[in-house]
Protein chains: 2
Amino acid sequence: MEKMNNKNKIFIDKLRSSGLRPTKQRVEISKFLFNRKKTFHFTVEELKNSMNLKRSKKISTATFYNTVHALKSAGHLKEFSLENNTSYYDTNITSHHHFFDNGKVIDIKSDKITFHKLPDAPKGKKIKNVEVVIRLENNNQ
Amino acid sequence: MEKMNNKNKIFIDKLRSSGLRPTKQRVEISKFLFNRKKTFHFTVEELKNSMNLKRSKKISTATFYNTVHALKSAGHLKEFSLENNTSYYDTNITSHHHFFDNGKVIDIKSDKITFHKLPDAPKGKKIKNVEVVIRLENNNQ
DNA sequence: AACTACTTTATAATAGTTCTAAACTAAGTG
DNA sequence: CACTTAGTTTAGAACTATTATAAAGTAGTT
Ligand SMILES: [Mn+2]
Ligand SMILES: [Mn+2]
Ligand SMILES: [Zn+2]
Ligand SMILES: [Zn+2]
């Protein structure tokens, strides 16, 4: 890539160090995903719509899917599921927990939940991770 | 329904008391789902394939979807999600936890997990339920 | 500048699910 | 019992999220 202003350097490096060519599209998607203070939870379609809204030259659907998969494989995104039939992605790749509040997802830092009792893994298996979902509802009245 | 042998009475009553007409199809599906000792976790397509395999007169896809939705609305099934884009259903409608082992789902009774620390719900919200997923992997070697 | 492997793209294909509207049936009514 | 009707089943179309295809474009190398 010719045009490599400093603002993009960090994302170009991130892509390159993951074995991904820092194409125009990947750099823009990475910047959109990772250039924020708070965790971002999203579906590929949401990502596509919000990024393409402000663009004259649209990025194709396939590229959004390809890039999100590539970033997930590289360990920069985690996938998770809500109750519908859509994959969600999480820019917080650490092991952590969630509040689910009517489709809205909020991170809970790992150390905010600790266990008093946990079952052993079945024979021949071991625990890879433990993740908690706390479902919320509105207070009465 | 004319043919109401005693084996079916319990399922007919279950349907009727939920405001659902005990049709031939619904009774058979209910029997398949609920006439077992252990929790059953399934997708609608899996249910359809395993029930229709042994039938000459097949039950239609739409009826499987309709019936599963009706049973869910009546509170006889719970829906949950794995990492793919498919809805899973659970015949255990109590609040409980799961092991996920490469697509295999195993129930964990609620009292097998207790918490030492849990976050408060955000302002204006309250906790509806807390569910834990313990992901498993094979022991090394 | 020329080359090549990788990437993007438009488009088709697939999978799970929901919708539609016509045929069927459970269950009540006389 | 007929008769009626509201609820149900069904085949098939439609829809949505996602993946596959293969041609055109581009990053990185020489
Ligand atoms: Mn969505
Ligand atoms: Mn499946
Ligand atoms: Zn998160
Ligand atoms: Zn379960």
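First the proteins, then the strands, lettered A, B, ... as listed; each starts at 1.
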Q. Between atom OH in Tyr65(B) and atom C1' in dT8(D), what is the gap in whole Å?
A. 19 Å
Q: Please state whether the phosphate of dG28(D), meaning OP1 or OP2, lies under 4.0 angstrom from any side-chain nitrogen or oxygen of Arg16(A).
A: yes
Q. With distance as the sole criterion, is a donor-acceptor pair present between the side chains of Tyr65(B) and Glu45(B) under 3.5 Å?
A. yes
Q. Got a sec? Which of residues 69-76 of chain A come in under 4.0 Å of DNA chain D, heavy atoms?
A. His69(A)
**Q.** Nearest-nucleotide comparison on DNA chain D, the residue closer to the 5′ end among Asn85(A) and Arg21(A)
**A.** Asn85(A)
Q: For DNA chain D, determine which residues of residues 53-63 of chain B have any heavy atom closer than 4.0 angstrom to one of its atoms, and list them numerically.
A: Lys57(B), Lys58(B), Ile59(B), Ser60(B), Ala62(B), Thr63(B)
Q: Find the distance Asn8(B):CG to dA26(C):C1' and express it as a whole number of Å.
A: 16 Å
(Q) Parallel, tilted or perpendicular, judged at 30° and 60°: which one describes the rings of Phe40(A) and Phe42(A)? (A) parallel
Q: Check whether any side-chain heavy atom of His116(A) sits under 4.5 Å from a side-chain heavy atom of Phe115(B), and report yes or no.
A: no
(Q) What is the separation between atom CG on Asn84(B) and atom P on dT19(D), rounded to the nearest whole Å? (A) 11 Å
Q: Check whether any side-chain nitrogen or oxygen of Gln25(B) sits under 4.0 Å from OP1 or OP2 of dT25(C), and answer yes or no.
A: no
(Q) Rounding to an integer number of Å, can you tell me how far Glu83(B) CD sits from dT18(D) C1'? (A) 16 Å
Q) Roughly, in whole Å, what's the span from CG in Asn66(B) to P in dT17(C)? A) 13 Å
Q | For atom CZ of Phe64(A) and atom P of dT18(D), their distance in whole Å | A | 14 Å
Q: Please work out whether the ring planes of Phe34(A) and His76(A) are parallel, tilted or perpendicular, with thresholds of 30° and 60°.
A: perpendicular
Q. Counting just side-chain N and O atoms, does Arg26(A) come under 4.0 Å of either OP1 or OP2 of dT7(C)?
A. yes
Q) For dT8(C), does either OP1 or OP2 sit under 4.0 Å from a side-chain N or O belonging to Thr23(A)? A) yes
